K.L.:
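Here it is, the structure in full.
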Amino acid sequence: MSQTQEKPAAKAAVPTQAIRSLLVHAEPGAASTHRVKVAARLARDNGARLIGLGAEAFEPMLTVDPFFGYAAAEWATLVQEQIVTSLKNAEAAFERDAAGADTEWRSIEDKPARALAHAARAADIVIMGPKGKGGSSRTADPAEVIMTSGRPVLIVPDGATQLHGKAVIVAWKDTREARRAVADAMPFLVAAETVIVQVICDEAEFDSATRQADDVVDSLKRHGVKAKSNVTTATNGEVTMILERTAVANHADLIVAGAYGHNRTSEWVFGGVTDDLLHRPECFVLLSH
């Protein structure tokens, strides 16, 4: 009787986690300079393409007064000229601050958040500044980009020019958005020397939260991530503070989190963690929805 000997299965090639293209919101100003320098360094370190996007728009003035209409037309022409000049200045600043990176420039006369969301189809990650920075015609709301782009958004804190990423804090909550954030952040997690899966819960959830954190750590370790867990009991109002304290204690300059795990409007009204991180980031924050 013949016997069939099973051959060992061939090892499947494991794809390398890497960032291949980045999109950065570029404006003529100091805040943009910092974020473009961060983006350019990331692009150079990853051998990636850096796409700079300048976008501005204005809303036409509506009037039924025919005499006022002439003045409005002149005003619109003036604003249009200012937008063209601003976009040219943004391009020049981008080329200066992104020197040495493989770059591409795009400019569009549209609302910045909408333009970024559309252009995100060409990128693995979007890089922006905190919420509420810049002039009204050129400000992009990172919350809107997070919700509409389908890409992770890296928020650069004021004044920062380099993301080291040696230590990373994963803000874990057992939600779809947190799972998405971990997957999107994998290039940073694999490269980090230390990754802490931080869970914040009330006392009644401690055992369950510990099991969840262990699951996440085990999964990350199978990807080669040097991960460990930390479970802390606290109230909802202390979450942002604990995350930032954990980052400081571990010399971490990046927090990874899922964005808007429930209704965005209610989170904005009641001061949710996502909006805390968008408005006043103490370090780099990577958010996914």
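The structure displayed is predicted, hence computed values, not measured ones.
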K.L.:
Can you check whether W172 reaches V231 side chain to side chain, under 4.5 Å on heavy atoms?
P.N.:
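They are not in contact (no side-chain heavy atoms under 4.5 Å apart), so the answer is no.
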K.L.:
Restricting to non-hydrogen atoms, name the atom on L50 and the atom on A43 that form the minimum distance, rounded to 0.1 Å.
P.N.:
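Closest pair (atom of L50, atom of A43, distance): CB-CB, 3.9 Å.
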K.L.:
With side-chain contact (heavy atoms from CB on, under 4.5 Å) as the criterion, how do H25 and L53 come out once you've worked through the C-alpha distance, each side chain's angles and the decisive distance to 0.1 Å?
P.N.:
CA-CA 5 Å; H25 182 212; L53 178 72; 5.6 Å; no
K.L.:
Any luck finding a side-chain donor-acceptor pair between E177 and S288 under 3.5 Å?
P.N.:
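Their side chains do not contain a donor-acceptor pair, so the 3.5 Å distance test is not met.
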K.L.:
Closest heavy-atom contact between A90 and A26?
P.N.:
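Distance-wise, the nearest heavy atoms are CB-O, 3.9 Å.
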K.L.:
With S86 as reference, evaluate E56, E91, E81 under the side-chain hydrogen bond (donor to acceptor under 3.5 Å, both in side chains) test and give the passing residue.
P.N.:
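Filter result, single survivor: E56.
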K.L.:
For the residue pair K111 and A57, what are the closest heavy atoms and their distance?
P.N.:
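Shortest heavy-atom separation between K111 and A57 comes out as N-CB, 3.6 Å.
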K.L.:
So which atom in A55 and which in A115 form the shortest heavy-atom distance, rounded to 0.1 Å?
P.N.:
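Taking every non-hydrogen atom into account, CB-CB, 3.7 Å.
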K.L.:
Could you check whether any side-chain heavy atom of V24 comes within less than 4.5 Å of a side-chain heavy atom of I51, counting everything from C-beta outward?
P.N.:
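No; the side chains remain at least 4.5 Å from each other.
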K.L.:
Can you tell me how far the CG atom of L254 sits from the SG atom of C283, to the nearest 0.5 Å?
P.N.:
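Here the interatomic distance stands at 7.0 Å.
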K.L.:
Compare all side-chain heavy atoms of L22 with those of I127 and state whether any distance is below 4.5 angstrom.
P.N.:
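With C-beta onward as the side chain, the pair touches.
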K.L.:
Looking only at the side chains, is there a donor atom on one of T33 and R96 sitting less than 3.5 Å from an acceptor on the other?
P.N.:
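The answer is yes; a qualifying pair exists.
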K.L.:
Do you know the tightest heavy-atom contact between L278 and A143?
P.N.:
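Closest approach of L278 to A143: CD1-CB, 3.7 Å.
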K.L.:
Is E95 close to T103 at the side-chain level, that is, under 4.5 Å between some pair of heavy atoms?
P.N.:
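With C-beta onward as the side chain, the pair stays apart.
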K.L.:
For L220 versus V182, what's the shortest heavy-atom pair and its separation?
P.N.:
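Smallest interatomic distance, heavy atoms only, reads CD2-CG1, 3.8 Å.
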